[in-house]
Amino acid sequence: MSRVLMLIAIAFGNALRGIRRASTTSLLAVLTIAVVLVLVGSAALLVENMSGLLDEFGAELQVTAYLEPGLPAEAQRELAERVGSAPGVEAVLLVDEAAALARFERIAGGAELLAGLEENPLPASIEVRLRADARTAESLAVLTDSLEGLPGIAELAQGQEWIEGYARAVALARGIATGIGIVLGLAALLIVANTIRLAVYARRDELDILALVGASRTFVRVPFLLEGTIQGLLGGLVALLVVWGAYELLLPQVRFGLELVLGRAELHFFTTVESVRLVLAGAGLGLLGSMTALVGAGSET
Amino acid sequence: MSRVLMLIAIAFGNALRGIRRASTTSLLAVLTIAVVLVLVGSAALLVENMSGLLDEFGAELQVTAYLEPGLPAEAQRELAERVGSAPGVEAVLLVDEAAALARFERIAGGAELLAGLEENPLPASIEVRLRADARTAESLAVLTDSLEGLPGIAELAQGQEWIEGYARAVALARGIATGIGIVLGLAALLIVANTIRLAVYARRDELDILALVGASRTFVRVPFLLEGTIQGLLGGLVALLVVWGAYELLLPQVRFGLELVLGRAELHFFTTVESVRLVLAGAGLGLLGSMTALVGAGSET
Amino acid sequence: MRLYHVSKSYMAGQYALHDVSLEVRRGEFVFLTGPSGAGKTTLMELIFAAEQPSEGQILVLGRNVARIGAGAIPALRRRVGVVFQDFKLLQDRTVEENVRLALDVIGTPRREARARVFQMLKSVGLQHRRFHHPLSLSGGEQQRVALARALVNEPEILLADEPTGNLDPELTIEIMDLIVSASTRGTTVIVATHDHGLIDRYGKRVLRLENGRVVEDHPAASSSIGASA
Amino acid sequence: MRLYHVSKSYMAGQYALHDVSLEVRRGEFVFLTGPSGAGKTTLMELIFAAEQPSEGQILVLGRNVARIGAGAIPALRRRVGVVFQDFKLLQDRTVEENVRLALDVIGTPRREARARVFQMLKSVGLQHRRFHHPLSLSGGEQQRVALARALVNEPEILLADEPTGNLDPELTIEIMDLIVSASTRGTTVIVATHDHGLIDRYGKRVLRLENGRVVEDHPAASSSIGASA
Ligand SMILES: Nc1ncnc2c1ncn2[C@@H]1O[C@H](COP(=O)(O)OP(=O)(O)OP(=O)(O)O)[C@@H](O)[C@H]1O
Ligand SMILES: Nc1ncnc2c1ncn2[C@@H]1O[C@H](COP(=O)(O)OP(=O)(O)OP(=O)(O)O)[C@@H](O)[C@H]1O
Ligand SMILES: [Mg+2]
Ligand SMILES: [Mg+2]
């Protein structure tokens with residue numbers, strides 16, 4: 001039992017010594033993992049904030065229910081409440097005839113158009129904002145079905161095309177993000193595996209000599225695996241710091257640019273959980289990388 | 001003289017032998033460079049096609065010049081021709097009063113709004129499409145100045161906000177692309193330099209022994225630099241093939257997705273010049289990488 | 001230790017060892033000699049399972065090395081100490097750590113290991129060098145570190161390939177005495193050497209190889225009988 | 001070749017060489033001997049500009065090696081052949097390519113180089129091994145390849161560190177004869193060795209080092225006078 005503990009202690013000692021001594025190879029491996037994870041991290045941050053913006057954008061999509069003319073204000077409010085409790089609805093806004101007129105007059109040329117009319121021709125309406133998960137063609141169909149039956153509603157301006165376009169844009173963005181994720185992930189794994197493999201290759205003597213003095217495969221390999229994991233962890237930490245630094249540095253400019261173009265810019269950094277995940281991804285890459293490196297080295301030993 | 005030629009021949013021989021013999025390290029280096037360039041290449045392709053789409057989108061931006069009421073058709077046409085020759089103008093479209101009415105009636109609810117009116121209240125207009133290079137706030141100002149002086153034009157709906165928004169979007173996209181380019185380029189250089197450095201490190205004996213038999217720095221270094229360049233070239237070629245393969249494979253889906261969302265999808269692969277540039281970028285990375293690798297190795301020799 | 005009709009050929013038609021049969025008893029001391037390229041190192045590599053024989057069977061410590069599985073090799077090697085012709089020291093570890101390797105692989109507690117390593121280094125005269133790295137040692141010093149590593153875990157078999165090739169005559173005697181004393185404590189010893197003075201001095205059994213064949217098997221002056229190792 | 005009060009210290013207070021002054025004439029043959037760690041290899045490394053002396057001046061082939069610029073070292077080394085104690089062969093090149101290295105660095109045309117390498121390998125008895133890699137050679141064979149590389153470009157100085165440590169007595173004589181014949185053709189030779197039989201046999205000048213100091217400088221039996229190398 002104490003032999004086993006001793007062997008574990010020796011393995012850890014060897015791993016740490018490996019990192020300290022083979023400083024050139026270790027440093028290069030850590031640096032490469034860090035660079036790779038900076039790419040992965042930036043891409044993740046970009047995609048996440050993009051999808052955040054997409055969400056906000058989607059919040060503007062709405063269904064407008066035009067009400068029958070002459071409906072009393074009381075009935076309009078009741079109707080609005082009922083609509084508010086329909087499936088997929090996030091919020092409703094009641095726009096009565098006067099408000100609709102005021103709005104129309106604010107549109108360029110609108111006032112002139114209506115100048116000749118004695119009576120307000122604009123109907124009251126209820127604007128329905130959809131929940132994020134309900135911004136799909138299917139949910140919309142369910143909603144409109146349930147609204148169409150309500151008395152007092154004259155017509156639904158569904159924005160069907162808009163919603164479908166939006167849903168497709170979201171799907172496309174998600175597809176692109178997934179594609180980038182897969183490509184970057186594979187690239188990261190390949191690069192890290194290659195790097196650790198080269199680092200192990202530079203120390204192939206060590207593998208040989210350990211085998212010659214009767215070290216078991218486990219004794220030889222575990223320190224290298226630990227070393228790779230620790231390198232990955234360090235690389236992940238460095239990457240997190242770099243991405244965070246870049247984020248803090250670039251935030252003002254990017255926010256300014258986005259506000260100009262989109263009118264708003266709710267940007268945010270990784271949450272703690274996401275940050276930890278990035279660092280752990282580094283450790284995982286390091287472990288996987290050193291595993292593949294040793295698979296190759298096995299044939300030579 | 002023949003000594004020098006001999007030395008050059010030997011350097012080339014050594015470089016090629018280096019690649020053949022140190023097959024493990026070479027293969028890993030080529031692979032890593034290829035992976036890095038696949039990332040760079042994909043990003044470049046994405047950015048290029050994106051900016052193509054942005055261009056097409058920009059083609060829709062236009063300035064509308066409302067004409068004074070009662071202008072005879074003949075005068076309207078003449079005016080349209082004069083506007084067409086103004087600076088920055090790509091094309092003009094004359095929309096007379098009848099066409100404007102027809103358009104308005106097609107908008108939901110438009111027909112009802114106008115139902116009570118006896119006379120068509122809508123003015124004729126000239127829609128001006130801008131050349132790609134004139135879609136900036138400055139060019140627009142020049143254009144509007146020259147248009148405002150023309151007799152017969154009542155008002156300019158400049159689309160100033162739109163144009164500015166578009167110009168900012170283009171600038172933002174270009175900024176993001178540049179940012180991605182810089183980050184990816186630096187990452188590529190770092191990763192490739194690290195990889196080649198590790199590959200050189202794995203063969204540090206060779207550097208030492210060559211120095212011991214009286215090889216000059218040049219004799220030792222040139223083969224390594226050539227080797228790095230050739231590895232980079234090979235990596236670039238592999239990357240080009242992979243990106244091309246992925247492009248051909250994914251083209252149908254992506255085109256379908258884009259057509260759904262944007263209504264059109266003019267996608268294209270790299271031109272020959274751009275392809276060559278990608279491969280040369282690989283060679284350059286390889287050369288730079290091995291140069292930095294040897295700078296580090298120099299201290300040990 | 002027994003070899004039955006062992007041959008080793010690295011290239012078709014060329015034998016590094018050819019039909020070698022021999023027996024070495026437990027605790028026996030054997031000098032292996034012969035010209036350069038005769039097959040001395042190859043013979044040791046076969047015993048050590050660093051190479052597989054092309055033909056024949058090899059029995060070492062009760063195991064048939066010719067058919068040993070990769071998983072069983074480490075256990076065998078821990079019972080065999082080896083001094084390689086090119087030392088095979090780890091350049092990025094100190095002398096102490098290099099010697100301790102042989103104890104680390106069997107999980108010896110750190111404190112005990114350090115004490116034993118110190119004693120071992122003392123007996124090869126290098127205790128003052130224990131925190132240095134092999135690269136900063138002279139040829140003869142490296143050779144002694146290699147021997148220390150081979151002996152520190154009191155192996156049942158010691159294979160020493162030219163263990164005094166880089167040592168001066170006085171040190172050679174010291175080191176050989178160390179090896180002989182290990183053998184009197186029961187370790188089976190095979191020493192490859194070109195030094196005829198050494199062979200004459202100790203009067204042990206001498207195996208002479210030439211072109212991969214045993215051409216001479218001269219018994220020890222005072223033969224000690226034991227079981228086959 | 002002249003050394004003036006040369007000292008080399010790797011660690012403060014400890015001298016690998018201490019106040020060594022000596023002169024070796026052009027074409028002279030010197031045996032360097034002394035116990036393990038005496039400083040023999042260190043002395044050669046200083047002459048070869050692989051290490052810088054801590055104190056003193058070293059004149060080799062008309063150059064002060066103690067103050068030589070990094071750019072001038074390759075030119076010096078091309079005129080000096082060295083056999084290292086650990087051979088320093090490139091594992092990923094064949095025997096022929098290893099030996100040819102010494103000719104490649106001076107830009108010898110390939111055809112001429114191959115012919116000279118073949119002759120050289122023949123004289124150390126390894127022409128049949130020229131397309132093999134060092135790892136597949138025995139210790140003694142590798143040692144001879146290292147010597148072949150050191151001699152192939154007919155250097156003005158040959159530094160051989162234990163060049164026969166892995167050779168059997170017959171081969172040792174053959175190889176030493178080869179070195180001696182290079183010296184009679186004008187090459188200045190320094191051979192470090194522990195083999196007293198060898199020293200006695202050739203009756204050349206003997207320098208004995210102990211703890212970094214020259215404790216004996218025994219002139220050759222038949223002294224040949226020449227200019228300082
Ligand atoms: N890996 C190998 N591949 C091919 N040939 C080999 C290999 N190892 C050894 N040989 C050859 O087998 C023969 C015996 O080699 P070995 O190393 O056993 O000789 P040795 O008796 O130890 O010689 P030395 O005294 O010079 O060390 C030699 O001719 C050698 O070249
Ligand atoms: N790079 C170094 N760093 C520290 N000490 C060193 C270094 N190289 C040599 N020494 C020490 O200097 C002393 C002389 O070493 P050197 O290699 O010259 O001995 P040597 O006479 O060649 O011995 P041997 O016959 O064993 O090869 C030794 O004690 C050695 O440990
Ligand atoms: Mg041998
Ligand atoms: Mg020495």
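Every chain is numbered from 1 and lettered A, B, ... according to where its sequence line falls, protein lines coming before strand lines.
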* Asked: Do the non-hydrogen side-chain atoms of B:Ile209 and D:Gln91 ever get within less than 4.5 Å of each other?
  -> no
* Kindly check if the number of other-residue, nucleotide or ligand heavy atoms within 6.0 Å of CZ (D:Arg116) is above 12? => yes
* Side chains of D:Asp92 and B:Glu206: does their closest heavy-atom pair fall under 4.5 Å? -> yes
* Set of residues satisfying side chain to side chain contact (heavy atoms under 4.5 Å, CB included) with respect to B:Leu212, sequence neighbours excluded -> D:Phe48, D:Arg77, D:Phe84, D:Lys88
* Asked: Checking heavy atoms, do the side chain of D:Arg149, its backbone, both or neither come under 4.5 Å from chain B?
  -> side chain
* **D:Leu89 versus chain B, the contacting section by heavy-atom distance below 4.5 Å** => backbone
* **Between CG on residue B:Leu210 and CG on residue D:Leu90, distance to nearest 0.5 Å** => 6.0 Å
* Structure fact -> CD1 (D:Ile106) and CZ (B:Phe219) are apart, to the nearest 0.5 Å, by 10.5 Å
